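Down below is the structure, laid out as structure tokens.
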Amino acid sequence: VTRCGLCALIGRPNVGKSTLLNRLVGTKVSITAPTPHTTRSVVRGVLTEGEVQVVFVDTPGLHRPRTSLGGRLNDAARAGAEGVDVIAAMVEAGREIGAGDRAAIGTALEAARRDPAMRVAVLVNKVDRVGPTSVAEQLLGAQGAVEELASEGLAERVEYFPLSARNGRGVEAFTEWVSAQMPESPFLFPADEVSDVPEAAWVAELVREQLVRKTRQELPHSIHCRVTEFAWPHVTVEILVERESQKGMVIGRGGQLLKEVGTAARRQLPEGTFLELRVTVEPDWQRRADALDRFGY
Ligand SMILES: Nc1nc2c(ncn2[C@@H]2O[C@H](COP(=O)(O)OP(=O)(O)OP(=O)(O)O)[C@@H](O)[C@H]2O)c(=O)[nH]1
Ligand SMILES: [Mg+2]
């Protein structure tokens, strides 16, 4: 008999959820960057080992929204964490447990309260950045937050994992525990599939990843990418910004930035791909419901 289930990763922006997802499935399936709000949709990464399949669900970072886009990202994160078998709230080592972390832990506990079969994990990520004392302190801090927020008997259902998504330390212990929680069920994905991201969407994500990494301040948040032509080897990605002035910043002096973005994205695509990038302005799209609807947020 096979076993299969879902494990959601939630947490405030930038704690390392997507980096962990990629580490868990052993392939890059979700884009990552040092800038918060990198992930904008739910991304499923599939790990199949023998008779057990775990579908890990990466989600946008939970935060206090300031735009319509932000609100939709929170909604997407909460929806992605619904109906899962395991919910994992991630915090990071070396940074005090704040309101955002408490909100993530609270969301996980609330989901588990409604579903008595659901298991909860608290992940303390980025342990590579700090010493063992600091890791221990953070585990205690996380436990304190759980005890403060958990209703009767719930705290005992929580497991704690210190780990580093970056160097892999502690990740296997988490994977093994999650695998052991999976219920008897047919596989949800074919055994050789590693993610649910459609090919065209992935190309747009790779372009956005480079833009997020190479731009600053508000610009990463103002960018949306979509594929407008997918006739392999010809792929055209349209880069939408919110203001005319941002167009120049994305293109860069003499087209330099856009060129670098194209080169870095192409390196991760099948050889022979012709990648064309176009920049257009969609005024204030982050705050416009009609634009967000059209873009699929
Ligand atoms: N030192 C260290 N850095 C990490 C680790 N995991 C992730 N990072 C870094 O933290 C930053 C954010 O990582 P992401 O995986 O994009 O974070 P996220 O939680 O998915 O962020 P959002 O998608 O914005 O919610 C990146 O610069 C990562 O390289 C880790 O274990 N150790
Ligand atoms: Mg992410």
Side-chain angles (χ1 to χ4, degrees), residues 7-45 56-67 69-81 87-95 97-98 100-101 103-105 107-108 121-132 134-135 138-139 142 161-175 195-197 201-202 205-206 208-216 218-225 286 297:
C7 169
L9 307 172
I10 64 167
R12 65 172 169 70
N14 216 42
V15 291
K17 300 174 294 297
S18 302
T19 306
L20 180 65
L21 178 75
N22 294 339
R23 167 75 59 180
L24 288 164
V25 303
T27 315
K28 180 170 167 183
V29 298
S30 192
I31 63 166
T32 65
T35 315
H37 304 295
T38 299
T39 304
R40 289 206 190 138
S41 61
V42 166
V43 175
R44 294 179 186 81
F56 291 100
V57 185
D58 184 20
T59 62
L62 291 167
H63 65 290
R64 202 187 298 267
R66 276 163 305 168
T67 63
L69 174 66
R72 295 215 183 177
L73 298 187
N74 278 346
D75 292 346
R78 296 219 171 80
I87 186 158
M90 181 185 274
V91 301
E92 60 182 2
R95 228 181 112 153
I97 307 262
D101 298 315
I105 291 171
T107 300
V122 171
L123 314 180
V124 174
N125 188 32
K126 308 195 185 181
V127 299
D128 57 282
R129 284 203 307 202
V130 299
S134 181
V135 172
Q138 194 68 332
L139 284 164
F161 297 91
L163 48 84
S164 166
R166 179 169 284 178
N167 71 19
R169 211 176 113 206
V171 173
E172 207 175 295
F174 174 57
T175 309
S195 99
D196 70 338
V197 184
W202 182 237
E205 280 291 85
L206 286 174
R208 192 168 62 82
E209 180 180 52
Q210 292 307 318
L211 288 164
V212 168
R213 289 182 180 188
K214 290 182 201 297
T215 59
R216 287 175 206 269
E218 90 293 353
L219 200 47
H221 310 290
S222 289
I223 291 168
H224 171 75
C225 292
Q286 266 195 89
Y297 287 115

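The structure displayed is predicted, hence computed values, not measured ones. Remember, it's 1-based here, ligands and their atoms both numbered in the order they're listed. Numbers here simply count residues along the sequence, with the first being 1.
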inquiry  = With heavy-atom distances below 4.5 Å as the criterion, would you say the side chains of Asn125 and Leu20 are in contact?
reply    = no
query = Any chance the side chains of Arg213 and Thr32 put a donor and an acceptor closer than 3.5 Å?
reply = yes
message = Any side-chain to backbone donor/acceptor pair from Thr27 onto Val29? Under 3.5 Å, distance only.
response = no
remark   = Expected contact list for ligand 1 at under 4.0 angstrom, heavy-atom basis, is Pro13, Asn14, Val15, Gly16, Lys17, Ser18, Thr19, Thr32, Ala33, Pro34, Pro36, His37, Thr38, Thr39, Gly61, Asn125, Lys126, Asp128, Arg129, Ser164, Ala165, Arg166
query = Can you list the protein N, O or S atoms less than 2.8 Å from the Mg ion (ligand 2)?
reply = Ser18 OG, Thr39 OG1
remark   = So salt bridge (charged side-chain N to carboxylate O under 4.0 Å, His left out) across residues 16-29, not counting sequence neighbours, yields Lys28-Glu209
ask   = So how far is it from Gln286 CD to Arg66 CZ, rounded to the nearest 0.5 Å?
value = 9.0 Å
key: Qualifying salt bridge (charged side-chain N to carboxylate O under 4.0 Å, His left out) pairs with a residue from residues 163-173, counting only residues at least two apart or across chains   = none
task = Verify the distance criterion only: is there a donor paired with an acceptor across the side chains of Ser164 and Asn167 at less than 3.5 Å?
result = yes
request  = Start with the C-alpha distance between Arg12 and Glu92, add both sets of side-chain angles, then the distance that settles salt bridge (Lys or Arg N to Asp or Glu O under 4.0 Å), and finish with yes or no.
outcome  = CA-CA 10 Å; Arg12 65 172 169 70; Glu92 60 182 2; 3.2 Å; yes
note = Looking only at heavy atoms, the pair that brings Ile31 and Ser18 closest together is O-CB, 3.6 Å
